[in-house]
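Working notes, beginning with the structure itself.
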Amino acid sequence: MASSWLCDDNGGTTSYPKTEYWKEGSDCCSWDGVSCDLVTGHVIELDLSCSWLSGTTHSNSTLFRFPRLQRLNLAFNNFSGSSVLDGFGRFSSLTHLNLSESGFSGLISPEISHLSNLVSLDLSWNDYQEFPPHGFDSLVQNLTKLQKLHLGGISISSVFPNSLLNRSSLISLDLSECGLYGRFPNNDIHLPKLELLYLSGNSNLSGNFPRFSENNSLTDLSLSSTNFSGVLSGSMGNLKSLQTLYLSNCQFLGSIPTCLENLTQITSLSLGGNHFSGKIPNIFYNLRNLISLDLSGNNFSGQIPPSIGNLTNLYDLDFSHNQLEGAIPSPENENGFSSLSFVGLGYNLFNGTIPSWLYALPSLVELDFSDNKFTGHIGEFQFDSLEKIDLSMNELHGSIPTSIFELVNLSSLNLFSNNLSGVLETRKFEKLINLHDLDLSNNMLSLTMSSNSNFMLPNIDSIDLSNNNISGILSWNVGKDTLSYLNLSYNFISGFEMLPWPISHNKLNGEISPTLDFNSNQLEGLVPRSLIICKELEVLDLGNNKINGTFPHWLGALPKLQVLVLRSNRFHGHIGFSKIISPFMSLRIIDLAHNDFEGDLPEMYFKSLKATMNIDEGNITREYIGEYHYQDSMMVTIKCLDLEFVKILNTFTTIDLSSNKFQGEIPECIGNLNSLRGLNLSHNDLRGHIPLSFRNLKMLESLDLSSNKLSGQIPQELTSLTFLSVLNLSQNHLTGFIPQGNQFGTFGNDSYYKNTGLCGFPLSKRCTTDEIPYPSQEIEAKFESGFDWKITLMGYGCGLVIGLSLGCLIFVSGKPEWLVWIIDKNIHKKIVRNKRSTRRRGARIS
């Protein structure tokens with residue numbers, strides 16, 4: 001019945017169960033959806049579209065007992081699991097067949113191509129369907145009377161059949177998402193009756209914009225998400241009947257031709273996601289029928305042309321992700337843009353204040369002015385139609401206007417990374433019962449609590465109030481059943497009367513937030529044991545607070561915990577053992593740096609970190625933690641510098657136990673964590689040798705063992721760690737020859753600083769004969785097979801030059817492989833914090 005609802009949603013035929021009104025014994029020609037020949041009485045038409053039909057069809061179905069059927073329409077039903085069977089080939093008189101959006105799947109019967117009288121065939125948008133080998137070619141060859149051919153979503157996997165462009169009777173052709181490939185014919189198209197041509201979603205189909213003769217009737221053209229390219233020619237002006245033109249996500253370039261002003265009938269124009277450049281021409285004076293205009297994701301520059309103000313029927317306007325600047329044109333009269341529902345101007349260079357007419361749009365549903373240079377105050381909205389507001393990453397200041405808290409339909413509010421200030425009273429959120437996403441981070445806002453705030457925001461999913469001026473003890477208890485992301489980091493919060501959910505009332509063992517981020521506040525006391533019931537928790541970041549107590553070993557029982565950050569607090573004591581069998585099974589990132597932990601390193605926990613062992617990255621889809629909500633960030637220490645990563649890749653694994661008081665030897669079992677990317681045990685009191693098992697850490701890219709009391713030689717086997725780009729062994733008691741080969745040729749003196757017993761490159765101290773290590777059996781075997789030292793030295797010399805160059809590049813840019821994966825240019829938020837936040841946190845150099 002779900003497919004039948006599409007009839008109602010599209011504003012077309014009302015869906016209802018037609019067959020339930022058929023009465024046995026009555027004249028079937030009077031039944032709803034049945035038409036008969038007035039002379040013979042034979043059933044010649046069945047229209048059972050939108051009839052709530054379901055189940056599977058079989059070749060012996062009563063449906064196939066009407067051999068004189070001329071029209072059959074089964075669209076918008078649910079025949080899930082059925083295929084287009086041979087039985088349809090029995091309808092030799094059939095002229096119209098519509099099986100669209102009815103759940104058919106599998107191979108399409110070759111007998112369809114025998115229905116030579118077909119004028120209209122629509123098999124589009126079912127479940128996965130495909131033609132048998134040569135089935136599509138046979139259909140095109142045999143069905144010469146076709147006026148309408150709709151096969152959208154069917155796997156054809158063929159080049160575009162040129163013969164279709166010779167069918168002068170063709171009126172409507174939809175081959176969207178059919179797996180077409182090759183090049184579309186470059187010759188002129190002479191199809192005077194053709195009204196609709198859809199080729200969208202065929203990513204391997206290339207060509208230039210089709211050339212249509214002046215004698216054309218085309219009303220709808222879609223080439224979106226194909227590989228069509230080149231400039232748009234002046235022949236587009238011939239398409240004077242065109243109503244919809246979809247060219248988004250192609251490879252078109254150049255400027256928009258001025259001949260587009262001739263398309264006076266056009267209602268939808270989509271050129272987004274191409275490589276168009278230059279200024280947007282002032283061509284919109286005559287395009288008064290335009291309802292939807294999308295020029296997003298190009299390289300347009302300059303100002304929006306004033307003729308945009310003429311588009312009084314406009315419903316959607318999207319100029320986002322360009323390089324547009326200046327002011328935004330006003331509508332031509334007071335009632336202009338009264339139908340405007342979506343305005344997208346994000347990621348441009350617009351400046352000045354937000355235009356006042358925008359606040360008076362009565363139909364506005366979504367507003368996106370993000371990542372521009374708007375200044376001034378946010379005005380008061382005069383209507384409550386808005387559902388989404390994004391004014392983030394601008395230079396807006398002042399308080400949040402009262403009218404925003406009156407928008408009862410609001411589901412998303414993003415005002416982050418501005419200069420907003422003032423006091424937010426929690427009672428103001430009382431009317432925002434539909435709000436799902438709230439991001440006010442990176443401003444200067446403070447928060448006061450009201451007595452009834454516990455019952456607000458009943459549908460909230462994500463809250464980010466980080467980097468503000470929120471202080472004191474919070475008691476705002478919202479989203480207890482819905483919240484999936486909460487970030488209060490970098491504020492001045494000193495505690496909670498209760499955590500942001502009623503944890504003590506055991507409401508959180510179901511859909512609890514995957515992320516708790518209270519980093520950089522002033523929290524004190526112990527980690528609440530009530531977190532043990534948060535079975536869905538994935539990220540717990542309590543770093544940079546004043547929390548004390550011993551290690552919360554009971555967190556090891558959380559089955560989905562992947563990231564645990566307790567750095568820079570006041571934890572102390574031995575980590576010791578856990579009574580939990582296999583604790584922290586899902587943990588991939590653990591950061592306990594800058595505390596007062598002591599005793600031996602926790603060997604039991606290292607043995608249990610299964611998520612850092614034997615990861616087959618070839619079979620893992622790379623994504624970020626929080627891919628389906630707000631993405632999580634964290635701080636990682638590299639070369640004594642704390643770096644913030646705005647996204648955490650799901651294959652990234654690291655352990656940071658630095659700047660504590662750990663003693664004893666490094667456990668050999670760490671070598672079993674062969675998927676580890678980063679390991680930092682620096683600034684402790686560790687002794688003994690570097691474990692030989694470290695040779696198994698094949699994915700390791702950063703290793704910091706500095707400022708300990710390690711002794712003995714650096715294992716030659718570490719040269720097998722070919723991903724290693726950062727190494728710090730400084731300030732220990734290491735001795736002997738520095739290993740050579742692979743990545744070790746890229747490390748500078750600072751990697752070995754204050755190890756007086758070390759010698760060899762890159763240090764100036766040369767090794768004596770006794771200090772040079774004996775070659776391994778593997779190397780000796782190579783000598784025996786005729787290994788040439790001349791070639792070795794030549795290769796080493798070249799490798800040394802290249803290696804040093806690359807090493808310097810890595811140290812300067814700080815971009816080992818995992819760092820490049822973790823940070824991409826399209827981050828959700830700006831990494832750069834304002835000066836206020838920088839002063840609060842300091843430089844944070846380890």
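Side chains of Glu380 and Ser403: a donor-acceptor N/O pair is present below 3.5 angstrom, by distance only. Ser213 and Asn215 are not linked by any side-chain donor-acceptor pair at a separation below 3.5 angstrom, with hydrogens and angles left out of the test. Side chains of Ser392 and Ser370: a donor-acceptor N/O pair is absent below 3.5 angstrom, by distance only. A donor-acceptor pair shorter than 3.5 Å can be found between the side chains of Asn282 and Ser307. Side-chain atoms of Thr264 and Asn286 include no donor-acceptor pair closer than 3.5 Å. Side chains of Asn467 and Asn442: a donor on one and an acceptor on the other come within 3.5 Å. The closest side-chain donor-acceptor pair between Arg183 and Asn227, if any, does not fall under 3.5 angstrom.
Residues Ser229 and Cys250 have side chains not in contact (no heavy-atom distance under 4.5 Å, counting atoms from C-beta outward). In this structure the side chain of Leu295 reaches within 4.5 angstrom of the side chain of Ile256, judged on heavy atoms. Looking only at side-chain heavy atoms (C-beta outward), Phe416 and Met393 come within less than 4.5 Å of each other. Here the side chains of Leu290 and Ile266 are in contact, with some heavy-atom distance below 4.5 Å. In this structure, Gln265 and Ser241 have side chains that are not in contact, with every pair of non-hydrogen atoms separated by 4.5 Å or more. Counting only heavy atoms from C-beta outward, the side chains of Asp220 and Glu195 never approach each other to under 4.5 Å. In this structure, the side chains of Lys388 and Asp437 stay at 4.5 Å or more apart for every pair of heavy atoms. In this structure, Ile304 and Phe284 have side chains that are not in contact, with every pair of non-hydrogen atoms separated by 4.5 Å or more.
Residues satisfying the salt bridge (charged side-chain N to carboxylate O under 4.0 Å, His left out) test with Asp188, not counting sequence neighbours, are Arg211. Judged as a salt bridge (charged side-chain N to carboxylate O under 4.0 Å, His left out), and not counting sequence neighbours, the contacts of Glu406 are Lys431. In this structure, the side chain to side chain contact (heavy atoms under 4.5 Å, CB included) partners of Pro185, at least two apart in sequence or on a different chain, are Phe160, Asn162, Leu165, Asn187.
A donor-acceptor distance shorter than 3.5 angstrom exists from the side chain of Asn372 to the backbone of Leu349, with no hydrogens or angles considered. Asn468 contributes a side-chain N or O that, together with a main-chain N or O of Ser466, makes up a donor-acceptor pair within less than 3.5 Å. Under a 3.5 Å cut-off, the side chain of Asn443 and the backbone N or O of Asn418 do form a donor-acceptor pair. The backbone N or O of Ser224 sits nowhere less than 3.5 Å from a side-chain atom of Thr226 that would complete a donor-acceptor pair. No side-chain donor-acceptor contact under 3.5 Å links Asn298 to the backbone of Asn322. A donor-acceptor pair is defined here as one N or O able to donate and one able to accept, closer than 3.5 Å; such a pair exists between the side chain of Asn409 and the backbone of Asp384. The main-chain N or O of Val365 is never found under 3.5 Å from a side-chain atom of Ser385 such that the two would form a donor-acceptor pair.
Taking each heavy atom of Pro329 and Trp357 in turn, the nearest pair found is O-CZ2, 3.3 Å. In this structure, Asn238 and Phe212 approach most closely via the heavy-atom pair ND2-O, 3.4 Å. Contact record, Asn249 with Asn274: N-ND2, 3.9 Å, taken as the closest heavy-atom pair. Among all heavy-atom pairs drawn from Leu324 and Asn348, the shortest one is N-OD1, 3.0 Å. Between Leu175 and Leu164, the closest heavy-atom pair is CD1-CD1, 4.2 Å. Of all non-hydrogen atoms in Cys178 and Asn202, the two that sit nearest each other are N-OD1, 3.0 Å.
For an aromatic pair to be called close, the ring centres must be under 6.0 Å apart, and Tyr315 with Phe342 fails this.
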Inset, instruction - Please lay out, stage by stage, how Leu440 and Leu424 fare under the test side-chain contact (heavy atoms from CB on, under 4.5 Å). - result: CA-CA 11 Å; Leu440 307 178; Leu424 276 180; 3.5 Å; yes

Inset, instruction - Using the side-chain contact (heavy atoms from CB on, under 4.5 Å) rule, take Lys193 and Leu170 through it: C-alpha gap first, then chi angles, then the decisive distance, then the call. - result: CA-CA 6 Å; Lys193 295 182 180 180; Leu170 201 59; over 6 Å; no

Inset, instruction - Before giving the answer on side-chain contact (heavy atoms from CB on, under 4.5 Å), spell out for Leu287 and Leu293 the whole-Å C-alpha distance, their side-chain angles and the decisive distance to 0.1 Å. - result: CA-CA 11 Å; Leu287 307 185; Leu293 177 59; over 6 Å; no

Inset, instruction - Any chance you could lay out the side-chain contact (heavy atoms from CB on, under 4.5 Å) test for Ile378 and Leu415, step after step, and finish with the verdict? - result: CA-CA 10 Å; Ile378 303 173; Leu415 303 178; 4.3 Å; yes

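Relative ring orientation between Phe252 and Phe276 is described as parallel, the plane-to-plane angle staying below 30° on a 0-90° scale split at 30° and 60°. Classification of the Phe228-Phe184 ring pair by plane angle, with boundaries at 30° and 60°, yields tilted. Using cut-offs of 30° and 60° for the angle between ring planes, the Phe374 and Phe369 rings count as parallel.
The distance from atom CG of Leu271 to atom OG of Ser248, rounded to the nearest 0.5 Å, is 8.5 Å. Here the CG atom belonging to Asp439 is positioned 8.5 Å from the CG atom belonging to Asp390, to the nearest 0.5 angstrom. Considering CG of Leu358 and CG of Leu340, their distance stands at 8.0 Å, rounded to 0.5 Å. Rounding to the nearest 0.5 Å places CG of Asn216 at 10.0 Å from CG of Leu191. Atom CD of Gln129 sits about 10.5 Å away from atom OG of Ser155, to the nearest 0.5 Å. Interatomic distance, CG of Leu407 versus CD1 of Ile404, reported as 6.5 Å (0.5 Å rounding).
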